[in-house]
Amino acid sequence: MPNRPRTQSPGRRTVLRGSLLASAAVTLPAAVAAPAFALSGRPEAAWGVQVGDVTSSSALVWVRSDRPARMLVETSATESFRRARRWHGPLVGSGTDFTGTTPLYGLPPGEQVHYRVTLSDPHDPRRTGRPVYGTFRTAPARRRDGVRFLWSGDIAGQGWGINPDIGGYRVYEEMRRLDPDFFLCSGDNIYADGVIEPSVTLPDGRIWRNITTEEKAKVAESLDEYRGNFRYNLLDENLRRFNAQVPSVVQWDDHEVRNNWYPGQILDDARYTEKNVDILAARSMRAFREYVPVSTLHGPSREGRVHRVVRHGPLLDVFVLDMRSFRNANSPGRQPDDTSGILGADQLRWLKRELSRSRAVWKVIAADMPLGLVVTDGATDFEAVAQGDPGAPLGRELQIAELLRFIKHRRITGTLWLTADVHYTSAQHYAPERAAFKDFAPFWEFVSGPLAAGGFPANALDGTFGPERVFVRAPDRANVSPMESPQFFGEVDIDGDSGELTVRLRAQGGSVLFSKVLRPGLTGQ
(Lines give C-alpha, C1' and ligand atoms only; values in the text may rest on other atoms or scores of the structure.)
Protein backbone atom coordinates (compact mmCIF):
# COMPACT_ATOMS: atom_id res chain seq x y z
CA MET A 1 0.00 0.00 0.00
CA PRO A 2 2.46 2.67 -1.21
CA ASN A 3 0.00 5.54 -0.82
CA ARG A 4 -0.48 5.08 2.93
CA PRO A 5 1.45 7.21 5.44
CA ARG A 6 3.35 4.56 7.39
CA THR A 7 5.36 4.98 10.54
CA GLN A 8 8.82 3.51 10.84
CA SER A 9 8.49 0.27 12.75
CA PRO A 10 11.12 0.07 15.47
CA GLY A 11 10.72 2.83 17.97
CA ARG A 12 9.48 6.14 16.67
CA ARG A 13 10.49 9.21 18.66
CA THR A 14 6.90 10.07 19.58
CA VAL A 15 6.17 6.63 20.96
CA LEU A 16 9.41 6.44 22.92
CA ARG A 17 8.75 9.82 24.51
CA GLY A 18 5.19 8.87 25.30
CA SER A 19 5.82 5.51 26.89
CA LEU A 20 7.55 6.91 30.01
CA LEU A 21 9.71 3.81 30.23
CA ALA A 22 12.96 2.92 31.85
CA SER A 23 15.43 0.61 30.15
CA ALA A 24 14.16 -2.45 32.00
CA ALA A 25 11.90 -4.89 30.14
CA VAL A 26 9.05 -4.43 32.59
CA THR A 27 8.80 -1.30 34.72
CA LEU A 28 6.07 -0.47 37.18
CA PRO A 29 4.45 2.94 36.64
CA ALA A 30 5.65 5.48 39.16
CA ALA A 31 2.18 5.79 40.66
CA VAL A 32 2.42 2.14 41.70
CA ALA A 33 6.11 1.89 42.47
CA ALA A 34 6.37 4.99 44.66
CA PRO A 35 2.97 6.46 45.51
CA ALA A 36 4.28 8.80 48.23
CA PHE A 37 6.76 10.40 45.88
CA ALA A 38 4.24 10.61 43.03
CA LEU A 39 1.67 12.41 45.14
CA SER A 40 4.17 15.08 46.17
CA GLY A 41 4.62 16.41 42.65
CA ARG A 42 2.53 17.33 39.62
CA PRO A 43 -0.13 15.15 37.96
CA GLU A 44 1.41 12.13 36.25
CA ALA A 45 0.10 9.82 33.53
CA ALA A 46 2.37 6.83 34.10
CA TRP A 47 -0.19 4.39 32.71
CA GLY A 48 0.30 5.70 29.18
CA VAL A 49 -2.30 6.70 26.62
CA GLN A 50 -4.76 4.84 24.40
CA VAL A 51 -6.86 5.72 21.36
CA GLY A 52 -10.04 3.86 20.44
CA ASP A 53 -12.64 3.57 17.66
CA VAL A 54 -10.79 5.66 15.09
CA THR A 55 -12.77 6.63 11.97
CA SER A 56 -11.90 8.90 9.05
CA SER A 57 -12.66 11.98 11.17
CA SER A 58 -12.87 11.00 14.84
CA ALA A 59 -11.14 9.18 17.69
CA LEU A 60 -11.23 8.77 21.47
CA VAL A 61 -8.13 9.53 23.58
CA TRP A 62 -7.74 7.92 27.02
CA VAL A 63 -5.44 8.65 29.96
CA ARG A 64 -5.18 7.92 33.68
CA SER A 65 -3.88 10.37 36.25
CA ASP A 66 -2.43 9.70 39.70
CA ARG A 67 -4.70 12.34 41.29
CA PRO A 68 -7.52 14.76 40.36
CA ALA A 69 -6.50 16.62 37.21
CA ARG A 70 -7.78 18.41 34.14
CA MET A 71 -7.16 16.58 30.84
CA LEU A 72 -5.86 18.51 27.84
CA VAL A 73 -5.25 16.90 24.42
CA GLU A 74 -3.30 18.55 21.61
CA THR A 75 -3.18 17.18 18.07
CA SER A 76 -0.91 18.04 15.18
CA ALA A 77 0.13 16.82 11.75
CA THR A 78 3.77 16.88 12.86
CA GLU A 79 5.83 15.80 15.85
CA SER A 80 6.88 19.41 16.38
CA PHE A 81 3.25 20.25 17.29
CA ARG A 82 3.25 23.42 15.23
CA ARG A 83 -0.25 24.74 14.74
CA ALA A 84 -1.48 22.28 17.36
CA ARG A 85 -5.21 21.97 17.92
CA ARG A 86 -6.40 21.88 21.53
CA TRP A 87 -9.12 19.68 22.97
CA HIS A 88 -10.23 20.41 26.53
CA GLY A 89 -11.06 17.14 28.23
CA PRO A 90 -12.79 16.25 31.48
CA LEU A 91 -11.80 16.74 35.07
CA VAL A 92 -10.70 13.28 36.16
CA GLY A 93 -11.13 12.15 39.73
CA SER A 94 -11.88 9.24 42.03
CA GLY A 95 -15.35 8.73 40.52
CA THR A 96 -13.72 7.29 37.37
CA ASP A 97 -10.59 5.92 39.08
CA PHE A 98 -8.78 9.01 37.75
CA THR A 99 -9.33 7.97 34.12
CA GLY A 100 -10.60 10.29 31.41
CA THR A 101 -11.55 10.09 27.75
CA THR A 102 -11.66 12.98 25.29
CA PRO A 103 -13.43 12.66 21.91
CA LEU A 104 -11.71 14.19 18.87
CA TYR A 105 -13.78 15.30 15.87
CA GLY A 106 -13.12 16.91 12.50
CA LEU A 107 -9.82 15.10 11.95
CA PRO A 108 -8.37 14.82 8.42
CA PRO A 109 -8.97 11.41 6.78
CA GLY A 110 -6.11 9.07 5.95
CA GLU A 111 -3.50 11.07 7.87
CA GLN A 112 -1.03 10.45 10.66
CA VAL A 113 -2.15 12.33 13.77
CA HIS A 114 0.32 13.12 16.54
CA TYR A 115 -1.14 13.88 19.94
CA ARG A 116 -0.02 14.65 23.45
CA VAL A 117 -1.97 14.58 26.68
CA THR A 118 -1.17 16.99 29.49
CA LEU A 119 -2.65 16.78 32.97
CA SER A 120 -2.94 19.92 35.07
CA ASP A 121 -3.82 20.69 38.66
CA PRO A 122 -7.56 21.55 38.70
CA HIS A 123 -6.88 24.43 41.11
CA ASP A 124 -3.77 25.75 39.38
CA PRO A 125 -3.61 25.21 35.57
CA ARG A 126 0.05 26.25 35.59
CA ARG A 127 0.96 23.11 37.53
CA THR A 128 1.13 20.51 34.80
CA GLY A 129 2.64 17.06 34.53
CA ARG A 130 4.93 15.85 31.79
CA PRO A 131 3.07 15.43 28.48
CA VAL A 132 2.44 11.88 27.29
CA TYR A 133 2.75 11.36 23.54
CA GLY A 134 1.08 9.07 21.03
CA THR A 135 0.16 8.77 17.38
CA PHE A 136 -2.45 7.10 15.17
CA ARG A 137 -3.73 7.12 11.60
CA THR A 138 -7.27 8.11 10.75
CA ALA A 139 -9.25 5.86 8.41
CA PRO A 140 -8.80 6.63 4.72
CA ALA A 141 -11.39 8.44 2.62
CA ARG A 142 -10.03 6.85 -0.56
CA ARG A 143 -10.40 3.18 -1.36
CA ARG A 144 -6.96 2.92 -2.96
CA ASP A 145 -5.24 3.61 0.36
CA GLY A 146 -6.08 0.14 1.68
CA VAL A 147 -6.48 -1.05 5.28
CA ARG A 148 -4.44 -3.37 7.49
CA PHE A 149 -5.29 -4.45 11.04
CA LEU A 150 -4.54 -7.15 13.59
CA TRP A 151 -6.82 -9.08 15.92
CA SER A 152 -6.55 -11.42 18.92
CA GLY A 153 -7.69 -11.61 22.54
CA ASP A 154 -7.29 -13.36 25.91
CA ILE A 155 -4.81 -11.47 28.12
CA ALA A 156 -3.38 -12.63 31.48
CA GLY A 157 -5.42 -15.82 31.63
CA GLN A 158 -5.02 -19.10 33.52
CA GLY A 159 -2.46 -17.60 35.90
CA TRP A 160 0.04 -16.53 33.22
CA GLY A 161 0.63 -12.85 33.93
CA ILE A 162 3.45 -10.41 33.29
CA ASN A 163 6.68 -12.40 33.49
CA PRO A 164 9.74 -10.12 33.72
CA ASP A 165 12.08 -13.04 32.98
CA ILE A 166 10.82 -13.23 29.40
CA GLY A 167 10.31 -9.50 28.92
CA GLY A 168 6.60 -9.30 29.77
CA TYR A 169 3.99 -9.29 27.01
CA ARG A 170 6.52 -9.38 24.17
CA VAL A 171 3.87 -10.22 21.57
CA TYR A 172 2.65 -6.61 21.81
CA GLU A 173 6.04 -5.34 20.70
CA GLU A 174 5.95 -7.74 17.77
CA MET A 175 2.51 -6.48 16.78
CA ARG A 176 3.57 -2.85 17.20
CA ARG A 177 6.42 -3.33 14.75
CA LEU A 178 3.92 -4.46 12.11
CA ASP A 179 2.42 -0.96 12.39
CA PRO A 180 -1.25 -1.82 11.75
CA ASP A 181 -4.00 0.75 11.27
CA PHE A 182 -5.73 -0.62 14.38
CA PHE A 183 -6.00 -3.63 16.66
CA LEU A 184 -9.27 -5.52 17.21
CA CYS A 185 -9.37 -7.08 20.68
CA SER A 186 -11.92 -9.89 20.54
CA GLY A 187 -12.62 -10.05 24.27
CA ASP A 188 -11.18 -11.33 27.53
CA ASN A 189 -9.18 -8.13 27.94
CA ILE A 190 -8.73 -9.22 31.55
CA TYR A 191 -9.26 -12.36 33.60
CA ALA A 192 -11.19 -11.00 36.55
CA ASP A 193 -11.69 -14.56 37.80
CA GLY A 194 -8.03 -15.50 37.34
CA VAL A 195 -5.64 -15.25 40.28
CA ILE A 196 -2.03 -14.32 39.46
CA GLU A 197 0.32 -16.21 41.77
CA PRO A 198 3.93 -15.05 42.27
CA SER A 199 5.27 -18.20 40.59
CA VAL A 200 4.14 -21.35 38.78
CA THR A 201 6.19 -24.51 38.25
CA LEU A 202 6.01 -25.76 34.65
CA PRO A 203 5.87 -29.47 33.74
CA ASP A 204 9.56 -29.42 32.77
CA GLY A 205 10.56 -27.94 36.15
CA ARG A 206 11.13 -24.37 35.01
CA ILE A 207 9.64 -21.59 37.11
CA TRP A 208 7.26 -19.03 35.63
CA ARG A 209 7.47 -15.78 37.61
CA ASN A 210 4.62 -13.25 37.69
CA ILE A 211 4.44 -9.61 38.64
CA THR A 212 1.55 -9.57 41.11
CA THR A 213 -0.76 -6.97 42.64
CA GLU A 214 -3.23 -6.95 45.49
CA GLU A 215 -6.23 -6.95 43.13
CA LYS A 216 -4.93 -10.04 41.29
CA ALA A 217 -4.55 -12.07 44.51
CA LYS A 218 -8.25 -13.08 44.44
CA VAL A 219 -11.22 -13.15 42.10
CA ALA A 220 -12.60 -9.69 41.37
CA GLU A 221 -15.86 -8.78 43.09
CA SER A 222 -15.66 -5.12 44.08
CA LEU A 223 -15.43 -2.22 41.65
CA ASP A 224 -11.90 -1.50 42.83
CA GLU A 225 -10.88 -5.10 42.19
CA TYR A 226 -12.23 -4.95 38.63
CA ARG A 227 -10.41 -1.67 38.11
CA GLY A 228 -7.24 -3.28 39.42
CA ASN A 229 -7.52 -6.03 36.81
CA PHE A 230 -7.49 -3.46 34.02
CA ARG A 231 -4.59 -1.64 35.63
CA TYR A 232 -2.63 -4.87 35.90
CA ASN A 233 -2.12 -5.26 32.16
CA LEU A 234 -1.04 -1.63 31.87
CA LEU A 235 1.93 -2.43 34.10
CA ASP A 236 3.48 -4.00 31.00
CA GLU A 237 5.85 -1.75 29.06
CA ASN A 238 5.17 -3.48 25.74
CA LEU A 239 1.43 -2.94 26.03
CA ARG A 240 1.77 0.73 26.96
CA ARG A 241 4.11 1.33 24.01
CA PHE A 242 1.69 -0.55 21.72
CA ASN A 243 -1.24 1.55 22.95
CA ALA A 244 0.69 4.75 22.20
CA GLN A 245 1.03 3.78 18.53
CA VAL A 246 -1.85 1.44 17.62
CA PRO A 247 -5.50 2.43 18.13
CA SER A 248 -7.94 -0.23 19.30
CA VAL A 249 -11.41 -1.55 18.65
CA VAL A 250 -12.38 -3.49 21.78
CA GLN A 251 -15.20 -5.85 22.72
CA TRP A 252 -15.74 -7.88 25.85
CA ASP A 253 -16.54 -11.51 26.65
CA ASP A 254 -16.85 -13.57 29.81
CA HIS A 255 -13.60 -13.14 31.75
CA GLU A 256 -14.14 -9.41 32.10
CA VAL A 257 -16.69 -10.60 34.71
CA ARG A 258 -16.10 -14.33 35.35
CA ASN A 259 -15.90 -17.56 33.38
CA ASN A 260 -18.95 -18.49 31.26
CA TRP A 261 -21.28 -15.94 32.87
CA TYR A 262 -24.74 -15.05 31.59
CA PRO A 263 -27.35 -12.52 32.77
CA GLY A 264 -29.37 -13.65 35.77
CA GLN A 265 -26.85 -16.27 36.87
CA ILE A 266 -26.51 -17.02 40.58
CA LEU A 267 -23.10 -18.44 41.38
CA ASP A 268 -22.33 -21.66 43.19
CA ASP A 269 -18.67 -20.80 43.69
CA ALA A 270 -17.06 -20.61 47.13
CA ARG A 271 -14.54 -18.02 45.94
CA TYR A 272 -17.29 -15.41 45.61
CA THR A 273 -19.09 -13.67 48.46
CA GLU A 274 -21.25 -11.82 45.89
CA LYS A 275 -23.24 -14.54 44.12
CA ASN A 276 -25.38 -12.35 41.83
CA VAL A 277 -23.60 -12.15 38.47
CA ASP A 278 -25.69 -9.15 37.37
CA ILE A 279 -24.14 -7.12 40.21
CA LEU A 280 -20.65 -8.30 39.27
CA ALA A 281 -21.29 -7.54 35.59
CA ALA A 282 -22.42 -3.99 36.39
CA ARG A 283 -19.21 -3.37 38.36
CA SER A 284 -17.10 -4.83 35.58
CA MET A 285 -18.87 -2.77 32.92
CA ARG A 286 -18.18 0.40 34.89
CA ALA A 287 -14.47 -0.48 35.08
CA PHE A 288 -14.48 -1.46 31.39
CA ARG A 289 -16.02 1.91 30.51
CA GLU A 290 -13.41 3.70 32.60
CA TYR A 291 -10.40 1.89 31.13
CA VAL A 292 -11.36 1.23 27.49
CA PRO A 293 -12.09 3.99 24.92
CA VAL A 294 -15.33 2.77 23.28
CA SER A 295 -17.42 5.23 21.24
CA THR A 296 -20.83 3.93 22.39
CA LEU A 297 -19.75 4.26 26.02
CA HIS A 298 -18.05 7.67 25.75
CA GLY A 299 -19.58 9.42 22.75
CA PRO A 300 -22.16 12.19 22.93
CA SER A 301 -25.07 9.74 22.74
CA ARG A 302 -23.61 7.47 25.48
CA GLU A 303 -25.74 4.52 24.40
CA GLY A 304 -24.22 2.41 27.17
CA ARG A 305 -23.59 -0.63 24.99
CA VAL A 306 -20.60 -2.46 23.56
CA HIS A 307 -22.06 -3.54 20.20
CA ARG A 308 -21.46 -0.97 17.49
CA VAL A 309 -20.17 -0.40 13.94
CA VAL A 310 -16.72 1.12 13.51
CA ARG A 311 -16.42 2.40 9.94
CA HIS A 312 -12.91 2.39 8.51
CA GLY A 313 -13.24 4.02 5.11
CA PRO A 314 -14.87 2.66 1.94
CA LEU A 315 -13.21 -0.75 2.22
CA LEU A 316 -14.17 -1.84 5.74
CA ASP A 317 -16.92 -1.78 8.35
CA VAL A 318 -16.31 -3.63 11.62
CA PHE A 319 -19.46 -4.92 13.31
CA VAL A 320 -18.53 -5.37 16.97
CA LEU A 321 -20.85 -7.86 18.67
CA ASP A 322 -21.70 -8.37 22.32
CA MET A 323 -22.43 -12.09 22.68
CA ARG A 324 -22.44 -11.89 26.47
CA SER A 325 -24.79 -9.21 27.80
CA PHE A 326 -28.06 -10.28 26.15
CA ARG A 327 -27.72 -14.06 25.90
CA ASN A 328 -30.01 -16.56 27.55
CA ALA A 329 -28.76 -19.01 30.17
CA ASN A 330 -26.23 -21.63 29.17
CA SER A 331 -28.08 -24.91 28.63
CA PRO A 332 -27.99 -28.14 26.58
CA GLY A 333 -29.15 -25.94 23.71
CA ARG A 334 -31.82 -28.22 22.29
CA GLN A 335 -34.83 -25.88 22.50
CA PRO A 336 -36.77 -25.61 19.18
CA ASP A 337 -37.65 -21.94 19.76
CA ASP A 338 -35.14 -19.37 20.99
CA THR A 339 -35.74 -15.64 20.53
CA SER A 340 -33.01 -14.45 22.89
CA GLY A 341 -30.22 -16.66 21.60
CA ILE A 342 -26.70 -15.39 22.13
CA LEU A 343 -27.28 -11.84 20.84
CA GLY A 344 -30.71 -10.95 22.15
CA ALA A 345 -33.56 -9.93 19.86
CA ASP A 346 -32.71 -6.21 19.79
CA GLN A 347 -29.05 -6.73 18.92
CA LEU A 348 -29.99 -9.14 16.13
CA ARG A 349 -32.32 -6.53 14.63
CA TRP A 350 -29.58 -3.93 14.95
CA LEU A 351 -27.04 -6.19 13.21
CA LYS A 352 -29.39 -6.97 10.33
CA ARG A 353 -30.16 -3.28 9.86
CA GLU A 354 -26.54 -2.17 9.93
CA LEU A 355 -25.36 -4.95 7.62
CA SER A 356 -28.02 -4.03 5.08
CA ARG A 357 -27.01 -0.35 5.27
CA SER A 358 -23.30 -0.99 4.90
CA ARG A 359 -21.66 0.06 1.63
CA ALA A 360 -18.20 -1.12 2.63
CA VAL A 361 -16.54 -3.69 0.40
CA TRP A 362 -15.78 -5.88 3.44
CA LYS A 363 -17.95 -6.39 6.49
CA VAL A 364 -16.01 -7.94 9.34
CA ILE A 365 -18.27 -9.44 12.01
CA ALA A 366 -16.20 -9.27 15.19
CA ALA A 367 -17.58 -12.05 17.38
CA ASP A 368 -16.39 -12.70 20.90
CA MET A 369 -17.25 -16.40 20.50
CA PRO A 370 -16.96 -18.84 17.57
CA LEU A 371 -19.96 -20.18 15.64
CA GLY A 372 -19.28 -23.81 14.80
CA LEU A 373 -16.79 -24.76 17.52
CA VAL A 374 -18.28 -26.69 20.42
CA VAL A 375 -17.51 -24.80 23.65
CA THR A 376 -18.87 -26.59 26.71
CA ASP A 377 -19.92 -25.28 30.13
CA GLY A 378 -19.84 -28.20 32.53
CA ALA A 379 -21.07 -31.69 31.76
CA THR A 380 -24.34 -30.85 29.98
CA ASP A 381 -24.44 -27.16 29.04
CA PHE A 382 -22.85 -25.18 26.22
CA GLU A 383 -21.20 -21.79 26.32
CA ALA A 384 -21.14 -20.65 22.68
CA VAL A 385 -23.51 -21.19 19.74
CA ALA A 386 -22.83 -24.81 18.77
CA GLN A 387 -24.06 -27.64 21.00
CA GLY A 388 -22.53 -30.70 19.32
CA ASP A 389 -25.68 -31.82 17.47
CA PRO A 390 -24.91 -31.71 13.72
CA GLY A 391 -28.58 -31.67 12.76
CA ALA A 392 -31.03 -28.83 12.13
CA PRO A 393 -30.56 -25.63 14.16
CA LEU A 394 -31.65 -25.71 17.78
CA GLY A 395 -31.15 -23.35 20.72
CA ARG A 396 -28.81 -20.46 19.96
CA GLU A 397 -28.16 -21.87 16.49
CA LEU A 398 -31.63 -20.70 15.48
CA GLN A 399 -30.64 -17.05 15.83
CA ILE A 400 -27.46 -17.54 13.79
CA ALA A 401 -29.42 -19.41 11.13
CA GLU A 402 -31.83 -16.46 10.91
CA LEU A 403 -28.90 -14.07 10.50
CA LEU A 404 -27.15 -16.18 7.84
CA ARG A 405 -30.42 -16.53 5.92
CA PHE A 406 -30.88 -12.76 6.06
CA ILE A 407 -27.36 -12.13 4.71
CA LYS A 408 -27.99 -14.50 1.80
CA HIS A 409 -31.43 -13.21 0.83
CA ARG A 410 -30.38 -9.56 1.09
CA ARG A 411 -27.35 -10.42 -1.07
CA ILE A 412 -24.93 -8.89 1.43
CA THR A 413 -21.44 -9.68 0.21
CA GLY A 414 -18.03 -9.43 1.83
CA THR A 415 -18.87 -10.81 5.28
CA LEU A 416 -16.31 -12.73 7.32
CA TRP A 417 -16.19 -13.64 11.00
CA LEU A 418 -13.23 -13.01 13.31
CA THR A 419 -12.96 -14.28 16.87
CA ALA A 420 -10.62 -15.49 19.63
CA ASP A 421 -11.85 -17.16 22.88
CA VAL A 422 -10.68 -20.77 22.42
CA HIS A 423 -6.91 -20.17 22.88
CA TYR A 424 -5.58 -21.51 19.58
CA THR A 425 -5.66 -20.43 15.95
CA SER A 426 -7.67 -21.90 13.08
CA ALA A 427 -9.55 -21.22 9.85
CA GLN A 428 -13.03 -22.65 9.20
CA HIS A 429 -14.96 -22.51 5.93
CA TYR A 430 -18.74 -22.83 6.21
CA ALA A 431 -20.70 -24.15 3.20
CA PRO A 432 -24.36 -25.20 2.76
CA GLU A 433 -23.50 -28.37 0.83
CA ARG A 434 -21.89 -29.75 4.00
CA ALA A 435 -24.53 -28.38 6.38
CA ALA A 436 -27.80 -29.54 7.91
CA PHE A 437 -29.08 -25.96 7.52
CA LYS A 438 -28.57 -24.96 3.89
CA ASP A 439 -30.20 -21.57 3.40
CA PHE A 440 -27.05 -19.44 3.61
CA ALA A 441 -24.12 -18.29 1.49
CA PRO A 442 -20.66 -19.75 2.22
CA PHE A 443 -18.37 -17.74 4.50
CA TRP A 444 -15.11 -17.93 6.46
CA GLU A 445 -14.44 -17.78 10.20
CA PHE A 446 -10.91 -17.14 11.48
CA VAL A 447 -9.80 -17.72 15.08
CA SER A 448 -6.66 -16.36 16.73
CA GLY A 449 -5.40 -16.12 20.30
CA PRO A 450 -4.36 -16.03 23.04
CA LEU A 451 -2.08 -13.05 23.48
CA ALA A 452 -0.99 -13.76 27.06
CA ALA A 453 -2.78 -16.81 28.42
CA GLY A 454 -2.76 -20.59 28.39
CA GLY A 455 -3.06 -22.52 25.14
CA PHE A 456 -5.67 -25.26 24.73
CA PRO A 457 -6.40 -28.15 22.32
CA ALA A 458 -8.73 -27.60 19.38
CA ASN A 459 -12.48 -27.84 19.96
CA ALA A 460 -14.75 -30.24 18.10
CA LEU A 461 -16.80 -28.95 15.16
CA ASP A 462 -20.59 -28.93 14.95
CA GLY A 463 -21.92 -29.74 11.47
CA THR A 464 -25.14 -27.67 11.58
CA PHE A 465 -23.63 -24.91 9.39
CA GLY A 466 -21.17 -27.16 7.57
CA PRO A 467 -17.79 -26.01 8.89
CA GLU A 468 -14.61 -27.49 7.47
CA ARG A 469 -11.42 -26.90 9.42
CA VAL A 470 -8.98 -25.83 6.72
CA PHE A 471 -6.18 -25.02 9.16
CA VAL A 472 -5.53 -25.38 12.89
CA ARG A 473 -2.55 -24.92 15.20
CA ALA A 474 -3.23 -25.81 18.83
CA PRO A 475 -1.42 -27.40 21.79
CA ASP A 476 -2.05 -31.08 22.55
CA ARG A 477 -2.81 -30.47 26.23
CA ALA A 478 -4.68 -27.92 28.29
CA ASN A 479 -3.26 -24.68 29.69
CA VAL A 480 0.12 -24.68 27.99
CA SER A 481 2.08 -21.66 29.22
CA PRO A 482 3.39 -18.90 26.93
CA MET A 483 6.90 -20.21 27.66
CA GLU A 484 5.97 -23.56 26.09
CA SER A 485 3.81 -22.54 23.14
CA PRO A 486 3.75 -19.37 21.03
CA GLN A 487 0.94 -16.85 21.37
CA PHE A 488 -1.21 -16.20 18.30
CA PHE A 489 -2.67 -13.19 16.51
CA GLY A 490 -4.22 -12.58 13.11
CA GLU A 491 -3.65 -10.00 10.40
CA VAL A 492 -6.11 -8.69 7.81
CA ASP A 493 -4.73 -6.79 4.82
CA ILE A 494 -7.14 -5.23 2.29
CA ASP A 495 -5.52 -4.10 -0.94
CA GLY A 496 -6.75 -0.72 -2.10
CA ASP A 497 -6.41 -1.41 -5.82
CA SER A 498 -7.91 -4.90 -6.18
CA GLY A 499 -10.04 -4.90 -3.04
CA GLU A 500 -8.68 -8.36 -2.20
CA LEU A 501 -8.59 -9.26 1.47
CA THR A 502 -5.75 -11.39 2.81
CA VAL A 503 -5.99 -13.08 6.20
CA ARG A 504 -2.77 -14.25 7.84
CA LEU A 505 -2.72 -16.33 10.99
CA ARG A 506 0.50 -15.51 12.83
CA ALA A 507 2.48 -17.03 15.68
CA GLN A 508 4.63 -15.04 18.06
CA GLY A 509 8.15 -15.09 16.69
CA GLY A 510 7.34 -13.76 13.24
CA SER A 511 6.01 -16.80 11.40
CA VAL A 512 2.91 -16.78 9.21
CA LEU A 513 1.15 -20.11 9.80
CA PHE A 514 -1.66 -19.79 7.27
CA SER A 515 -2.75 -17.30 4.63
CA LYS A 516 -5.97 -16.97 2.66
CA VAL A 517 -6.86 -14.44 -0.05
CA LEU A 518 -10.55 -13.54 -0.48
CA ARG A 519 -11.86 -11.69 -3.53
CA PRO A 520 -14.45 -8.91 -3.13
CA GLY A 521 -18.04 -9.39 -4.19
CA LEU A 522 -17.83 -13.18 -4.38
CA THR A 523 -19.40 -15.95 -2.29
CA GLY A 524 -18.42 -19.55 -1.91
CA GLN A 525 -14.69 -18.88 -2.16
Side-chain angles (χ1 to χ4, degrees), residues 149-158 160 169 171-172 174-175 178 180 182-194 233 239 242 246 248-257 259-261 288 292 294 306-307 310 318-325 327 342 364-377 383-386 416-428 444-459 461 467 469 471-475 478-480 482 485-492 503-508 513-514 516:
F149 69 94
L150 308 179
W151 94 92
S152 189
D154 313 307
I155 305 148
Q158 291 74 49
W160 312 114
Y169 298 157
V171 67
Y172 279 99
E174 186 172 319
M175 293 193 299
L178 291 173
F182 65 91
F183 171 65
L184 168 63
C185 188
S186 301
D188 292 342
N189 298 266
I190 61 170
Y191 277 71
D193 56 337
N233 287 332
L239 178 53
F242 179 83
V246 182
S248 62
V249 174
V250 180
Q251 59 195 139
W252 78 337
D253 192 33
D254 57 335
H255 289 285
E256 281 82 2
V257 179
N259 188 46
N260 295 355
W261 75 275
F288 181 84
V292 182
V294 171
V306 174
H307 62 278
V310 180
V318 181
F319 298 83
V320 182
L321 302 187
D322 181 353
M323 304 174 85
R324 189 57 55 181
S325 302
R327 61 165 56 199
I342 201 164
V364 165
I365 301 176
D368 44 292
M369 300 213 74
L371 296 184
L373 308 184
V374 180
V375 184
T376 59
D377 180 17
E383 158 73 350
V385 175
L416 72 153
W417 295 68
L418 301 181
T419 190
D421 184 71
V422 288
H423 296 232
Y424 62 86
T425 187
S426 67
Q428 287 80 233
W444 284 86
E445 175 187 55
F446 298 95
V447 179
S448 195
L451 280 180
F456 284 79
N459 296 59
L461 294 182
R469 189 144 39 205
F471 172 82
V472 63
R473 179 68 59 85
N479 198 17
V480 175
S485 177
Q487 306 293 273
F488 300 116
F489 61 95
E491 178 182 27
V492 175
V503 178
R504 302 181 185 95
L505 301 180
R506 290 180 170 269
Q508 183 179 0
L513 305 175
F514 175 82
K516 178 66 182 178

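Here Phe489 and Phe183 keep their ring centres 6.0 angstrom or further from each other.
Heavy atoms only, all atoms of each residue included: Pro370 and Val375 are closest at CG-CG2, 4.2 Å. Counting all heavy atoms, side chain and backbone alike, Leu513 lies closest to Phe488 at CD1-CE2, 3.7 Å. Nearest heavy atoms, Met175 versus Pro180: O-CD, 3.5 Å. Across every non-hydrogen atom of Ala156 and Tyr191, the tightest pair is O-CB, 3.4 Å. Nearest heavy-atom pair across Met323 and Ala367 is SD-CB, 3.6 Å. Between Pro482 and Ala453, the shortest heavy-atom distance links the atoms CG-O, 3.8 Å.
Residues Phe182 and Val318 have side chains in contact (heavy-atom distance under 4.5 Å, counting atoms from C-beta outward). Taking 4.5 Å as the limit, every side-chain heavy atom of Gln428 sits out of range of all side-chain heavy atoms of Leu371. Between Ile342 and Arg327, the closest side-chain pair of non-hydrogen atoms falls below 4.5 Å. At least one side-chain heavy atom of Asn479 sits under 4.5 Å from a side-chain heavy atom of Trp160. Residues Trp151 and Val249 have side chains not in contact (no heavy-atom distance under 4.5 Å, counting atoms from C-beta outward).
Ring geometry for Phe471 against Phe514 counts as parallel: the plane angle stays under 30°, on a 0 to 90° scale with 60° as the upper cut. Ring pair Phe446/Trp444 is parallel by interplanar angle, where below 30° counts as parallel and above 60° as perpendicular.
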Check your understanding: Going through the distances and angles, do Val246 and Leu150 end up as a side chain to side chain contact (heavy atoms under 4.5 Å, CB included)?
Key -> CA-CA 10 Å; Val246 182; Leu150 308 179; over 6 Å; no

**Study point:** Derivation and outcome, side chain to side chain contact (heavy atoms under 4.5 Å, CB included), residues Val306 and Arg324
**Key:** CA-CA 10 Å; Val306 174; Arg324 189 57 55 181; over 6 Å; no

Exercise for review: Report the C-alpha separation of Ile190 and Glu256 in whole Å, then their side-chain angles, then the decisive distance to 0.1 Å, and conclude whether the side chain to side chain contact (heavy atoms under 4.5 Å, CB included) test is met.
Suggested key: CA-CA 5 Å; Ile190 61 170; Glu256 281 82 2; 4.1 Å; yes

Practice item. In sequence, state the C-alpha distance, the side-chain angles, and the governing distance for Asp193 and His255, and then conclude on side chain to side chain contact (heavy atoms under 4.5 Å, CB included). Key: CA-CA 6 Å; Asp193 56 337; His255 289 285; 2.9 Å; yes

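With hydrogens and angles ignored, the 3.5 Å screen pairs a side-chain donor or acceptor of Asn459 with a backbone N or O of Val374. Looking only at distances, no side-chain donor or acceptor of His423 sits under 3.5 Å from a matching main-chain atom of Pro450.
Screening Asp368, Asp188, Val292, Val257 for a side-chain contact (heavy atoms from CB on, under 4.5 Å) with Trp252, the sole residue that qualifies is Val257. Of the candidates Leu184, Val320, Asn189, Val250 forms a side-chain contact (heavy atoms from CB on, under 4.5 Å) with just one, namely Asn189. Exactly one residue among Asn233, Ile155, Leu451 makes a side-chain contact (heavy atoms from CB on, under 4.5 Å) with Leu239. That residue is Asn233.
A distance of 7.5 Å separates OG1 of Thr419 from CE of Met369, quoted to the nearest 0.5 Å. Atom CZ of Phe242 sits about 11.5 Å away from atom CD of Glu174, to the nearest 0.5 Å. Interatomic distance, Ile365 CD1 to Leu418 CG, rounded to the nearest 0.5 Å: 9.5 Å. Ser448 contributes atom OG, which lies 12.0 Å from atom CZ of Arg473 (distance to the nearest 0.5 angstrom). Atom OG of Ser485 and atom CD of Gln508 lie 9.5 Å apart (nearest 0.5 Å). In this structure, the separation between CG on Asp421 and CZ on Phe456 is 11.0 Å, given to the nearest 0.5 Å.
By the 4.0 Å N-to-carboxylate-O rule, Arg469 lies too far from Glu445 to be salt-bridged with it.
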